[in-house]
Visitor: 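First the structure, which I've put down as structure tokens, then a few questions once you've had a look.
Along the sequence shown, residues carry numbers from 1.
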Amino acid sequence: MTTSVRDLQERSFGATLRRDAWWIAPALTALVLGGFGVYATWAAWVNRFYEWGPYLSPFYSPLIQTTWWPLSPAFLILIFPGAFRVTCYYYRKAYYRAFFLDPVACAVGEPRHGYKGESKFPFILQNLHRYAMYAAVVFIFILSYDVFLATRWPVNGVLPDGNMAAGPREFGVGIGTLVMAVNVILLACYTFGCHSLRHLIGGNVDCFSCARGGRARFETWRGVSALNRHHMLFAWCSLFSVALTDVYIRLCAMGVIHDIRLF
């Protein structure tokens with residue numbers, strides 16, 4: 001007796017003719033995204049060990065020191081890059097499958113059979129993605145400035161407690177400087193490959209040569225499109241890089257590891 005597509009749709013969650021391990025991808029996605037969420041929340045909550053010498057964790061950049069906010073200042077910062085990733089078109093596909101099982105995988109039965117799109121709260125807030133993208137672009141420049149500051153070392157060195165010694169600064173590069181630089185590069189590739197940015201530059205244009213600044217817009221659109229083709233790769237690489245950058249600076253601040261000054 002054969003099984004029709006209609007039979008599969010009316011059967012319970014997980015019904016499929018697939019024989020491959022289709023559940024591995026959503027399971028790994030849930031594990032990685034869930035782990036990152038837990039770590040980022042913990043790192044922001046503890047409000048310690050986010051700075052060492054000229055290094056500043058991306059979770060705390062820009063460093064906000066105020067008396068009116070009772071919690072860690074990291075929560076004032078993470079809401080912007082967090083909103084950008086949560087509303088990202090690729091991440092929506094990933095965590096809808098991993099956490100909501102909607103759908104869990106191609107050609108696999110899902111828990112519900114009705115579809116209303118993203119027209120109800122809270123999913124309608126996904127439409128804020130373009131505005132979150134504007135904030136994410138600003139953070140690329142902020143983090144780039146942090147890399148510049150990570151090359152300004154005190155002539156008298158870094159104190160045992162991790163603070164910068166008083167006195168003049170000189171150019172220098174440590175392992176942490178390179179870690180922060182790689183993180184910014186990956187974040188920039190992810191951010192500037194955003195679907196919304198691509199549409200902002202090339203959308204509503206049927207003829208680049210006929211549009212104002214068409215040549216520049218076309219070349220910019222081509223560059224964004226080149227990054228967009230690898231958007232999933234940069235989404236994951238930048239997620240790992242931002243977490244590892246915080247881990248590296250945190251371990252230096254805790255004295256677990258010692259940064260190496262290259263020159």
Side-chain angles (χ1 to χ4, degrees), residues 25-26 28-30 32-34 36-37 40 57-62 74-100 102 117-119 122-147 179-208 211-246:
L28 286 177
T29 300
V32 174
L33 290 181
F36 178 84
S57 167
F59 288 171
Y60 286 80
S61 180
F75 289 113
L76 295 174
I77 299 165
L78 292 178
I79 186 174
F80 296 104
F84 179 62
R85 288 188 184 265
V86 168
T87 59
C88 168
Y89 295 136
Y90 166 71
Y91 275 119
R92 277 145 74 171
K93 168 194 168 184
Y95 70 75
Y96 280 3
R97 290 186 170 189
F99 296 123
F100 303 145
D102 192 22
E118 296 171 331
S119 58
F123 299 108
I124 196 171
L125 297 178
Q126 303 283 26
N127 293 314
L128 298 175
H129 180 59
R130 171 173 289 190
Y131 304 101
M133 181 266 294
Y134 297 147
V137 170
V138 173
F139 271 85
I140 295 300
F141 291 97
I142 293 174
L143 295 176
S144 298
Y145 182 67
D146 288 341
V147 175
V179 171
M180 294 173 65
V182 170
N183 178 52
V184 170
I185 292 172
L186 292 175
L187 285 173
C189 290
Y190 168 60
T191 303
F192 292 125
C194 172
H195 295 78
S196 288
L197 181 61
R198 184 172 181 265
H199 177 75
L200 182 66
I201 296 171
N204 298 321
V205 178
D206 296 325
C207 175
F208 279 106
R212 179 178 299 178
R215 182 65 181 178
R217 290 184 66 180
F218 175 68
E219 294 298 333
T220 305
W221 176 81
R222 287 185 60 187
V224 173
S225 297
L227 294 175
N228 182 261
R229 284 192 288 270
H230 306 285
H231 197 50
M232 181 181 74
L233 174 64
F234 291 130
W236 285 112
C237 289
S238 62
L239 187 76
F240 281 104
S241 70
V242 71
L244 291 175
T245 301
D246 178 84

Visitor: A quick test of your reading: do over 12 heavy atoms of other residues, nucleotides or ligands sit less than 6.0 Å from CZ of F100?
Guide: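 Result for CZ/F100: enclosed.
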Visitor: Within the distance-only criterion (no hydrogens, no angle test), does the side chain of D246 pair as donor or acceptor with the backbone N or O of A243 below 3.5 angstrom?
Guide: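 Checked: no pair found.
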Visitor: Distance check, rounded to the nearest 0.5 Å: M133 atom CE versus L128 atom CG?
Guide: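 The CE atom of M133 sits 12.5 Å away from the CG atom of L128.
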Visitor: Indicate yes or no: at least one non-hydrogen side-chain atom of V138 is less than 4.5 angstrom from one of F80.
Guide: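 No, their side chains stay 4.5 Å or more apart.
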Visitor: Once you round to the nearest 0.5 Å, how far does CD1 of I185 lie from SG of C237?
Guide: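 I185 CD1 to C237 SG: 12.5 Å, rounded to 0.5 Å.
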Visitor: When the ring planes of H129 and F84 are compared, do they come out parallel, tilted or perpendicular, using 30° and 60° as the limits?
Guide: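 Rings of H129 and F84: parallel, under 30°.
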Visitor: Quick one: does V242's side chain get under 4.5 Å of F59's, heavy atoms only?
Guide: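 Yes; the side chains approach each other to less than 4.5 Å.
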Visitor: Answer whether the closest heavy-atom distance between the side chains of L186 and F240 falls below 4.5 Å.
Guide: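 No, every pair of side-chain atoms sits at 4.5 Å or beyond.
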Visitor: Can you tell me if I79 has over 12 outside heavy atoms packed within less than 6.0 Å of its CD1?
Guide: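 No, CD1 of I79 has 12 or fewer neighbouring heavy atoms, counting only those of other groups under 6.0 Å.
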Visitor: If you measure from NE2 on H199 to SG on C194, what distance do you get to the nearest 0.5 Å?
Guide: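 SG of C194 is found 11.0 Å from NE2 of H199.
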Visitor: For a quick test of reading the model, state the closest non-hydrogen atom pair linking N228 to G193 and the distance between them.
Guide: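 Closest heavy-atom pair between N228 and G193: ND2-O, 2.8 Å.
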Visitor: Parallel under 30°, tilted from 30 to 60°, perpendicular over 60°: which one fits the rings of Y134 and Y131?
Guide: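 The rings of Y134 and Y131 stand perpendicular, inter-plane angle above 60°.
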Visitor: Between A98 and A30, what is the shortest heavy-atom contact and its length?
Guide: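 Distance-wise, the nearest heavy atoms are CB-N, 3.6 Å.
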Visitor: Counting N and O atoms only, with roles assigned by atom type, does the side chain of R198 sit under 3.5 Å from a partner on the main chain of L227, one being a donor and the other an acceptor?
Guide: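 Between the backbone of L227 and the side chain of R198 there is no qualifying donor-acceptor contact (under 3.5 Å).
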Visitor: List the steps, then state whether side chain to side chain contact (heavy atoms under 4.5 Å, CB included) holds for L239 with V32.
Guide: CA-CA 10 Å; L239 187 76; V32 174; 4.2 Å; yes
Visitor: Relative to the ring of F234, is the ring of H230 parallel (under 30°), tilted (30 to 60°) or perpendicular (over 60°)?
Guide: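 Rings of H230 and F234: perpendicular, as their planes differ by over 60°.
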Visitor: Donor-acceptor pair, distance only, cut-off 3.5 Å: does the side chain of D102 make one with the backbone of R97?
Guide: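 A pair under 3.5 Å: no.
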Visitor: A quick test of your reading: do over 12 heavy atoms of other residues, nucleotides or ligands sit less than 6.0 Å from CZ of R130?
Guide: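 It does: R130 CZ has more than 12 such atoms within range.
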Visitor: What distance separates Q126 CD from T87 OG1, expressed to the nearest 0.5 Å?
Guide: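 So the gap between those two atoms works out to 6.0 Å.
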Visitor: If every non-hydrogen atom of I140 is compared with every non-hydrogen atom of A188, which pair is closest and at what distance?
Guide: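 Scanning both residues completely, I find the closest heavy atoms to be CD1-N, 3.7 Å.
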Visitor: What distance do T29 atom OG1 and Y96 atom OH have between them, rounded to the nearest 0.5 Å?
Guide: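 It comes to 15.0 Å.
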Visitor: Given side chains that start at C-beta, do those of D146 and P58 come closer than 4.5 Å, heavy atoms only?
Guide: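 In short, these two side chains do not touch, never coming nearer than 4.5 Å.
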Visitor: Drop me the distance from S196's OG to Y89's OH, to the nearest 0.5 angstrom.
Guide: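 Output value for this atom pair is 3.5 Å.
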Visitor: Judged by atom type as modelled, is there a donor-acceptor pair below 3.5 Å linking the side chain of S241 to the main-chain atoms of S238?
Guide: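 Confirmed, S241 side chain pairs with S238 backbone.
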Visitor: Please confirm whether the ring centroid of Y90 lies under 6.0 Å from the ring centroid of Y190.
Guide: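 Y90 vs Y190: aromatic centres not under 6.0 Å.
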Visitor: Checking the side chain of Y145 only, and the main-chain atoms of P62 only, is there a donor and an acceptor separated by less than 3.5 Å?
Guide: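 Between the backbone of P62 and the side chain of Y145 there is no qualifying donor-acceptor contact (under 3.5 Å).
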Visitor: Please identify which of these residues, L187, L197, T220, meets the side chain to side chain contact (heavy atoms under 4.5 Å, CB included) condition with F192.
Guide: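 Single side chain to side chain contact (heavy atoms under 4.5 Å, CB included) partner of F192 among L187, L197, T220: L197.
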